[in-house]
Amino acid sequence: MNKLWQLIPYSETSGKLHMELDNSLLERHSQDPQFPSVLRFYHWNPSAISLGFHQKQYPDCWNATAQHHYLDIVRRPSGGRAVLHHGDLTYAVITNVAVDGKRRSHREIYEYICEFLIQGFDKLGISLTYGQSGRGYIHNPSCFSTATNADLVISDGRKLIGSAQVYRRDSVLQHGSIAIAPDHRLLTELFQAEVPIVGCAEILQKPYEDLTTELIKVLTESARQHFQAEFL
């Protein structure tokens with residue numbers, strides 16, 4: 001039997017409003033047993049640096065870089081490290097901690113949710129696997145500079161999707177950045193190091209706008225199949 005999910009239309013607005021909406025949807029889902037699971041895709045406008053909830057400090061130079069490049073600096077409700085949202089597509093899933101009546105570990109929830117991404121990209125001809133946890137991750141301000149076992153990478157180890165979670169009661173919000181056309185020069189300027197990230201546009205040789213539309217369509221269908229969802 002299919003489960004009712006809410007598919008929220010694609011939107012482009014500020015990171016502050018996106019994070020407020022993600023947090024609000026998580027709160028509603030956690031308080032109301034009848035509130036459906038949620039899938040949505042969005043773009044940050046203006047581009048922004050998002051900080052993990054527990055990332056209390058960041059380099060002072062980021063303020064000048066953000067001002068120079070017209071970037072917002074926004075804090076996420078989820079954990080993880082900083083992400084530059086520029087030339088990417090963000091997905092968000094809000095659902096139950098229990099899957100098919102059984103409560104799952106955080107690792108199992110990551111794998112359960114990420115499966116719709118893996119299946120969707122497989123349809124596009126891109127094989128994704130989980131990254132390997134690195135000891136220095138917590139000391140690195142950039143999410144995309146290292147790939148943990150909660151991130152999705154291509155065969156050469158470069159990260160394509162970085163995800164983060166937050167739990168509230170029996171609900172979870174998992175959202176993540178899907179790299180489409182990353183700005184390597186801006187990433188290097190921001191993080192003072194080369195960031196091993198790859199974009200879909202480079203792999204599939206398609207323009208950003210076309211890929212955004214295609215990704216939303218393909219990933220929505222893979223989510224429908226994987227989650228056995230009937231979208232409202």
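In this chain, numbering begins with 1 at the start of the sequence shown. Because only heavy atoms are used, hydrogens play no part in the values below, and waters and symmetry mates are left out as well, while side chains stay in. Note that this is a predicted model, so its numbers are computed, not measured.
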Practice item. Kindly work out whether a path of hydrophobic side-chain contacts (I/L/V/M/F/W/Y, heavy atoms less than 4.5 Å apart) joins Phe191 to Leu186. Key: yes

Study note, to complete from the structure: In short, salt bridge (charged side-chain N to carboxylate O under 4.0 Å, His left out) pairs touching residues 34-43 with sequence neighbours left out are Asp22-Arg40

Exercise for review: If a pair satisfies salt bridge (charged side-chain N to carboxylate O under 4.0 Å, His left out) and one of its residues is in residues 199-208, list it, with sequence neighbours excluded.
Suggested key: Arg158-Glu202, Lys206-Glu214

Review point. Taking side chain as C-beta onward, heavy atoms only, is Lys159 less than 4.5 Å from Pro196?
Key: no

Practice item. Please report the closest heavy-atom contact between Val74 and Met19, naming both atoms and the distance. Key: CG1-CG, 3.8 Å

Point to revise | Side-chain heavy atoms of Asp156 within contact of Val198, under 4.5 Å | key: no

Check your understanding: Arg76 side chain to Gln165 main-chain N or O, any donor-acceptor pair under 3.5 Å?
Key -> no

Point to revise | Validation row: Asn23, Leu21 side chains within 4.5 angstrom (heavy atoms) | key: no

Point to revise | Residues in side-chain contact (heavy atoms from CB on, under 4.5 Å) contact with Asp210, at least two apart in sequence or another chain | key: Pro207

Check your understanding: Trp5 vs Phe227 aromatic rings, parallel, tilted or perpendicular, using cut-offs 30° and 60°?
Key -> parallel

Point to revise | Backbone N/O of Leu219 and side chain of Ser222: donor-acceptor pair under 3.5 Å | key: yes

**Study point:** Closest contact, heavy atoms only, Ala201 versus Ala181
**Key:** CB-CB, 4.4 Å

Review point. To the nearest 0.5 Å, what is the distance between NE2 (His175) and OG (Ser78)?
Key: 2.5 Å

Exercise for review: Return the orientation label for the Tyr42 and Trp44 ring planes: parallel under 30°, perpendicular over 60°, tilted otherwise.
Suggested key: tilted

**Study point:** Closest heavy-atom pair and its distance - Trp62, Leu190
**Key:** NE1-O, 2.9 Å

**Study point:** Greater than 12 external heavy atoms within 6.0 Å of Asp32's CG
**Key:** yes

Review point. Can Ser163 and Ile161 be said to form a side-chain contact (heavy atoms from CB on, under 4.5 Å), step by step?
Key: CA-CA 6 Å; Ser163 300; Ile161 305 175; 3.9 Å; yes

Study note, to complete from the structure: Across all chains, not counting sequence neighbours, the side-chain contact (heavy atoms from CB on, under 4.5 Å) partners of Leu17 are Thr13, Ser14, Glu20

Check your understanding: Which heavy atom in Cys200 sits nearest to a heavy atom in Leu211, and how many Å separate them?
Key -> C-CD1, 3.6 Å

Exercise for review: Using atom types as modelled and distance alone, determine if a side-chain donor or acceptor of Tyr208 lies under 3.5 Å from a backbone N or O of Asp88.
Suggested key: yes

**Study point:** Gap separating the CD atom of Gln192 from the CG atom of Leu187, nearest 0.5 angstrom
**Key:** 12.0 Å

Check your understanding: Side-chain donor-acceptor pair under 3.5 Å between Ser50 and His85, yes or no?
Key -> yes

Study note, to complete from the structure: Across all chains, not counting sequence neighbours, the side-chain contact (heavy atoms from CB on, under 4.5 Å) partners of Ser47 are Leu71, His86

Point to revise | Separation of Ile180 CD1 from Ile203 CD1 (nearest 0.5 Å) | key: 11.5 Å

Revision key, fill the gap. To the nearest 0.5 Å, atom OG of Ser177 lies from atom CG of Leu89 at 8.5 Å

Check your understanding: Near Phe53 CZ, under 6.0 Å, is it more than 12 heavy atoms from other residues, nucleotides or ligands?
Key -> no

**Study point:** Intermediate values then yes/no, side-chain contact (heavy atoms from CB on, under 4.5 Å), Tyr130 and Asp151
**Key:** CA-CA 6 Å; Tyr130 293 100; Asp151 299 313; over 6 Å; no

Review point. Do Thr90 and Ile178 have side-chain heavy atoms sitting under 4.5 Å apart?
Key: no

Review point. Would one find more than 12 heavy atoms of other residues, nucleotides or ligands at under 6.0 Å from atom CD of Gln31?
Key: yes

Review point. If Ile, Leu, Val, Met, Phe, Trp and Tyr residues are connected whenever their side-chain heavy atoms lie under 4.5 Å apart, and connections chain through other members, are Ile109 and Val38 in the same group?
Key: no

**Study point:** Selection residues 172-192 - residue pairs positive for salt bridge (charged side-chain N to carboxylate O under 4.0 Å, His left out), sequence neighbours left out
**Key:** none

Study note, to complete from the structure: The ring pair (Phe, Tyr, Trp, His ring centres under 6.0 Å) partners of His106 (sequence neighbours excluded) come to Tyr167

Point to revise | Euclidean distance, Leu124 CG relative to Leu204 CG, rounded to 0.5 Å | key: 6.0 Å

Practice item. Would you kindly confirm whether Leu26 and Phe41 end up in one hydrophobic cluster when ILVMFWY residues are joined by side chain heavy atoms under 4.5 Å apart? Key: no

Review point. Are any of the side-chain nitrogens in Arg169 or Glu27 under 4.0 Å away from the carboxylate oxygens of its partner?
Key: yes

Exercise for review: Might you work through the side-chain contact (heavy atoms from CB on, under 4.5 Å) test for Lys102 and Arg104, ending with a clear yes or no?
Suggested key: CA-CA 6 Å; Lys102 180 181 178 182; Arg104 307 287 176 166; 3.9 Å; yes

**Study point:** Contact check, side chains of Val83 and Ile49, non-hydrogen atoms, under 4.5 Å
**Key:** no

Check your understanding: Would you say the side chains of Arg103 and Asn96 form a donor-acceptor pair under 3.5 Å?
Key -> no

Practice item. Scan for salt bridge (charged side-chain N to carboxylate O under 4.0 Å, His left out) pairs involving residues 114-126, sequence neighbours excluded, and state none if there are none. Key: none

Check your understanding: Are side-chain heavy atoms of Ile94 and Phe35 found at a separation under 4.5 Å?
Key -> no

Practice item. Indicate if Tyr112 and Val166 have the same hydrophobic cluster label, given that clusters are the connected sets of ILVMFWY residues with side-chain heavy-atom separations under 4.5 angstrom. Key: no

Review point. Do the side chain of Arg107 and the main chain of Tyr110 share a donor and acceptor less than 3.5 angstrom apart?
Key: no

Check your understanding: Ser37 and Thr95: side-chain donor and acceptor closer than 3.5 Å?
Key -> yes

Review point. Do the non-hydrogen side-chain atoms of Leu232 and Leu4 ever get within less than 4.5 Å of each other?
Key: yes

Practice item. Can you measure from CD (Glu108) to CD1 (Ile113) and round to the nearest 0.5 angstrom? Key: 12.5 Å

Check your understanding: Can you name the residues that form a side-chain contact (heavy atoms from CB on, under 4.5 Å) with Thr129, not counting sequence neighbours?
Key -> Val153

Exercise for review: Sequence neighbours left out, what passes ring pair (Phe, Tyr, Trp, His ring centres under 6.0 Å) with Phe231? Give chain and number order.
Suggested key: none

Practice item. Indicate if Leu25 and Leu7 have the same hydrophobic cluster label, given that clusters are the connected sets of ILVMFWY residues with side-chain heavy-atom separations under 4.5 angstrom. Key: no

**Study point:** Atom NZ of Lys56: over 12 foreign heavy atoms under 6.0 Å
**Key:** yes

Review point. Side-chain contact, heavy-atom cut-off 4.5 Å: Gln55 with Arg81?
Key: yes

Point to revise | Criterion side-chain contact (heavy atoms from CB on, under 4.5 Å) on Tyr58 and Ile73, from CA distance to verdict | key: CA-CA 11 Å; Tyr58 60 89; Ile73 298 180; 3.9 Å; yes

Practice item. Under the ring pair (Phe, Tyr, Trp, His ring centres under 6.0 Å) rule, collect the residues that match up with Tyr91, sequence neighbours excluded. Key: Phe116

Practice item. Mark yes or no for whether His29, through its side chain, and Val172, through its backbone, hold a donor-acceptor pair below 3.5 Å. Key: no

Check your understanding: Under the ring pair (Phe, Tyr, Trp, His ring centres under 6.0 Å) test, which residues partner His43, sequence neighbours left out?
Key -> none

